[in-house]
Amino acid sequence: MTRDYAIDRIELQDVMLNYAAAVDERDIDRYNACFCDDVEVVGFGPEIYYSRDSWVSHVWSALNNYSATQHLLGPQSATIAGDTAQTRCAVQALHVLADGSERFTLWATYHTTLHRLEGRWLIRRHELVVSASSALSLMNQP
């Protein structure tokens with residue numbers, strides 16, 4: 001393993017950590033900075049998103065439904081070939097509805113293609129593969 005490979009692995013992991021933290025902290029600029037302009041996003045519902053602007057707009061609109069979120073990422077595997085990387089990362093995402101009535105948990109895997117552009121790794125294709133989900137009503141809880 002070369003030093004450059006190790007640096008790339010850390011930088012790839014940082015992109016995904018910034019992705020998750022930006023959502024949870026509602027930092028749209030930090031979130032925007034994770035993506036290529038022409039990102040393709042699939043698996044987050046029936047629609048496929050073909051640009052950073054359409055994807056970020058969708059996410060920020062959807063976040064209005066939640067008072068809080070927490071995205072927990074598992075270890076990331078990566079295959080790097082030049083300026084392209086394929087990564088896989090497990091995610092557990094917790095969502096609390098804005099009215100406080102329910103907590104929704106999603107277990108899934110992110111399959112992400114990243115490209116190095118001008119020295120920075122950016123998400124070019126992002127896919128969510130859902131394993132399971134559950135909801136817990138918080139109404140009338142002691």
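Fair warning: this is a prediction, and the values are worked out from it, not measured in the lab. The first residue of the sequence shown is numbered 1, and numbering continues consecutively from there.
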side-chain hydrogen bond (donor to acceptor under 3.5 Å, both in side chains) against [X], all qualifying residues, sequence neighbours excluded:
{"X": "Arg26", "value": "Thr69"}
{"X": "Ser51", "value": "Ser54"}
{"X": "Glu47", "value": "none"}
{"X": "Glu11", "value": "none"}

Calculate, to the nearest 0.5 Å, the distance between atoms [atom1] and [atom2] belonging to [X] and [Y] respectively.
{"X": "His115", "Y": "Thr84", "atom1": "NE2", "atom2": "OG1", "answer": "3.5 Å"}
{"X": "Asp14", "Y": "Arg9", "atom1": "CG", "atom2": "CZ", "answer": "12.0 Å"}
{"X": "Leu17", "Y": "Gln76", "atom1": "CG", "atom2": "CD", "answer": "8.0 Å"}

Could you pull out every donor-acceptor pair under 3.5 Å between side chains of residues 31-38 and any protein atom, sequence neighbours left out?
{"from": "Tyr31", "atom 1": "OH", "to": "Trp55", "atom 2": "NE1", "distance (Å)": "2.9"}
{"from": "Asp37", "atom 1": "OD1", "to": "Arg52", "atom 2": "NH1", "distance (Å)": "3.2"}
{"from": "Asp37", "atom 1": "OD1", "to": "Arg52", "atom 2": "NH2", "distance (Å)": "2.5"}
{"from": "Asp38", "atom 1": "OD1", "to": "Arg124", "atom 2": "NE", "distance (Å)": "3.2"}

Transitive ILVMFWY cluster of [X] at side-chain heavy atoms under 4.5 Å: who else is in it?
{"X": "Leu122", "answer": "Leu117"}
{"X": "Trp107", "answer": "none"}
{"X": "Tyr50", "answer": "Val42, Ile48"}

If you apply the rule side-chain contact (heavy atoms from CB on, under 4.5 Å), what do you find for Val15 with Ile123, and how did you get there?
CA-CA 8 Å; Val15 172; Ile123 298 170; 3.8 Å; yes
Suppose the criterion is side-chain hydrogen bond (donor to acceptor under 3.5 Å, both in side chains): which pairs have a residue in residues 126-135, not counting sequence neighbours?
Tyr19-His126, Thr112-His126, Arg125-Glu127
Sort and list the pairs that fulfil side-chain hydrogen bond (donor to acceptor under 3.5 Å, both in side chains) and have at least one residue in residues 56-68, not counting sequence neighbours.
Tyr49-His58
Could you tell me whether the side chain of [Y] reaches within less than 4.5 Å of the side chain of [X], counting heavy atoms only?
{"X": "Trp121", "Y": "Ile80", "result": "yes"}
{"X": "Leu106", "Y": "Leu128", "result": "yes"}
{"X": "Leu12", "Y": "Leu114", "result": "yes"}

At their closest point, which heavy atom of Gly74 faces which heavy atom of Cys89, and how far apart are they?
O-SG, 3.3 Å
Any chain of hydrophobic side-chain contacts (each under 4.5 Å) joining Val23 to Val130?
yes
If hydrophobic clusters are built from ILVMFWY residues whose side chains come within less than 4.5 Å, do Leu94 and Phe44 share one?
no
Restricting to pairs with a member in residues 75-91, which pass salt bridge (charged side-chain N to carboxylate O under 4.0 Å, His left out), not counting sequence neighbours?
Asp83-Arg116
Qualifying ring-ring contact (aromatic ring centres under 6.0 Å, His included) pairs with a residue from residues 68-88, counting only residues at least two apart or across chains:
His71-His95
Gln86 and Thr113: side chain to side chain donor-acceptor pair (under 3.5 Å), yes or no, with the steps?
CA-CA 5 Å; Gln86 305 291 330; Thr113 302; 2.9 Å; yes
